[in-house]
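Whatever order the structure lists them in is the order used to number ligands and atoms, beginning at 1. Numbers for residues simply follow the sequence, beginning at 1.
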Amino acid sequence: MTNTVKFNENYPIIEESNTLYQRATGLIPAYTQTLAKGPAQYINGVAPKYLKKGKGSHVWDVDGNEYIDYQMGIGPISLGYAYQTVDDAIREQLNDGITFSQMHPLEVEVAELIREVVPNAEMVRYSKTGCDVTTAAVRLARAATGKNKVLCCGYHGWHDWYISVTDRDNGIPKSVSELTFTFSYNDIASVENSLDDDIACIILEPTVFEVPKDGFLQSLRELCTKKGIVLIFDEMWTGFRLAVGGAQQFFGVDADLICFSKAIANGMPISVLCGKRDIMQLCDKDIFFFTTFGGEALSLAATKATINELRSLNVPEHLAKQGKKLKDGYNGIAQELGITYTACNGMDARTIITFNHPTENALLIKSLVQQEMIKRGILWGGFHNMCFSHTDSDIDYTLLAYQEVLNILKNSVDENKVETSLRGIPVEPVFRKVSNFNTKPKL
Ligand SMILES: Cc1ncc(COP(=O)(O)O)c(C=O)c1O
């Protein structure tokens with residue numbers, strides 16, 4: 001598909017977005033159900049707030065403006081919006097029903113498929129959200145080891161055991177927060193310093209934007225085996241993107257339990273917990289992990305179609321190829337312009353753009369770049385979350401836009417007018433601390 005977004009003459013008209021926002025004011029606390037989609041992540045007054053349609057890699061806001069999307073529903077859209085093969089599978093299942101009074105055959109079929117493609121997926125369960133399965137994994141680890149504490153690294157969802165380590169911990173009993181601690185990525189000493197004989201599990205995103213160094217994942221594996229700790233990979237982002245078999249396959253490291261959601265069903269709500277039989281089988285009679293919509297058939301039909309498509313078209317390779325063009329292209333433009341305070345980093349399939357200027361506020365810079373990218377028809381949040389529908393022409397166009405926008409950025413920084421160039425309220429920080437907070441004191 002050829003990219004149809006054109007360099008816009010002006011900033012988009014966002015009247016409908018603003019009307020909906022007004023209607024939600026005082027009615028929907030925080031406005032959004034997903035923080036990363038919320039108004040605080042977009043420059044208020046310039047960016048659209050509500051989207052209503054998508055096709056391939058493009059989306060349309062409620063005012064009818066078209067954008068190339070690099071957020072991809074915050075992860076789930078791995079193939080593309082309104083992707084025919086998956087939507088046909090959903091429609092076909094819809095003709096027969098959504099949720100049933102007994103188990104559905106797709107529960108078995110999809111579990112067999114996951115066992116085939118994911119290393120160590122000896123047993124498989126489903127749920128609806130990422131935090132359902134990370135929480136179930138933690139409970140399983142506690143049941144399997146008879147120990148209580150959790151060491152984590154990354155974001156793992158809204159449930160008490162994880163959010164207790166953050167500064168949004170209101171409403172969580174102290175007795176819960178005393179059981180979870182964080183460690184720093186690529187810092188095996190930060191893990192070793194936190195060990196005591198009550199650690200049930202180590203749970204981490206195998207990579208976020210930093211690449212594992214010095215055999216970090218292997219060292220974690222060895223440490224967990226030696227100390228009788230359950231190693232849990234939270235593969236919400238790495239799963240089905242780095243490789244069809246996820247980070248275990250990509251990095252060649254075995255986890256005990258593995259959690260998936262997002263990319264596995266191209267937008268349908270489903271999550272997967274899988275792993276070694278000796279632990280997973282505790283779901284049978286020991287721990288309680290059951291939920292009404294766990295076997296909902298539309299999402300399972302979408303999962304089956306998505307995995308088949310990811311596998312037969314080798315989608316992870318495409319994501320990495322297109323992502324690398326953007327990453328290298330961005331860094332090349334920044335280098336040519338001589339601006340050293342911005343870079344694009346991460347695994348090719350999912351990269352982040354950072355701003356690190358000695359005096360200018362990074363959030364103001366990000367807001368300016370977003371404002372100008374949106375003017376040029378790109379729904380930009382500082383990430384390149386790649387999907388199979390991102391075409392060469394999307395990438396070429398995006399790099400042309402970066403060329404213009406980084407020029408604007410350079411001039412604004414040089415002339416000290418970043419803040420005065422903003423036409424709306426700047427973006428707020430993303431809620432995502434990964435390193436150096438709430439670490440466990442060394443014994
Ligand atoms: C790595 C990771 N783990 C867990 C979650 C929680 O998933 P959910 O929001 O579906 O509960 C997220 C959500 O963004 C995530 O990125």
Q.
Applying a heavy-atom cut-off of 4.0 Å, say which part of W237 lies close to ligand 1: side chain, backbone, both or neither.
A. side chain

Q | Contact (N/O only, under 3.5 Å) between G157 and ligand 1 | A | no

(Q) Tell me if a side-chain donor or acceptor on H318 pairs with a main-chain N or O of F388 at a distance below 3.5 Å. (A) yes

**Q.** Interfacing atoms of ligand 1 (cut-off 4.0 Å, heavy-atom, H156)
**A.** 3 (N), 4 (C)

Q: Under 4.0 Å from a heavy atom of T129: give me the atoms of ligand 1 that qualify, with their elements.
A: 10 (O), 11 (O)

**Q.** Polar atom proximity, Y155 to ligand 1 (N or O, under 3.5 Å)
**A.** yes

Q.
Counting only heavy atoms closer than 4.0 Å, does ligand 1 sit against the backbone of M236, its side chain, both, or neither?
A. side chain

Q. Can you find an N or O of E205 that's nearer than 3.5 Å to an N or O of ligand 1?
A. no

Q) With distance as the sole criterion, is a donor-acceptor pair present between the side chains of H159 and D132 under 3.5 Å? A) no

Q) Y70 and T398: side-chain donor and acceptor closer than 3.5 Å? A) yes

(Q) Whether the S57 and D394 side chains hold a donor-acceptor pair (N or O, under 3.5 Å, no angle test) is what I'd like checked. (A) yes

Q: Could you list which atoms of ligand 1 come closer than 4.0 Å to a heavy atom of D234?
A: 1 (C), 2 (C), 3 (N), 4 (C)

Q) Is the NZ or CZ atom of K49 both under 6.0 Å from the centre of the six-membered ring of Y21 and within 45° of that ring's axis? A) yes

(Q) Counting only nitrogen or oxygen atoms and a 3.5 angstrom limit, does K262 reach ligand 1? (A) yes

Q: May I ask you to check whether W380 and Y402 show a side-chain donor-acceptor distance below 3.5 Å?
A: yes

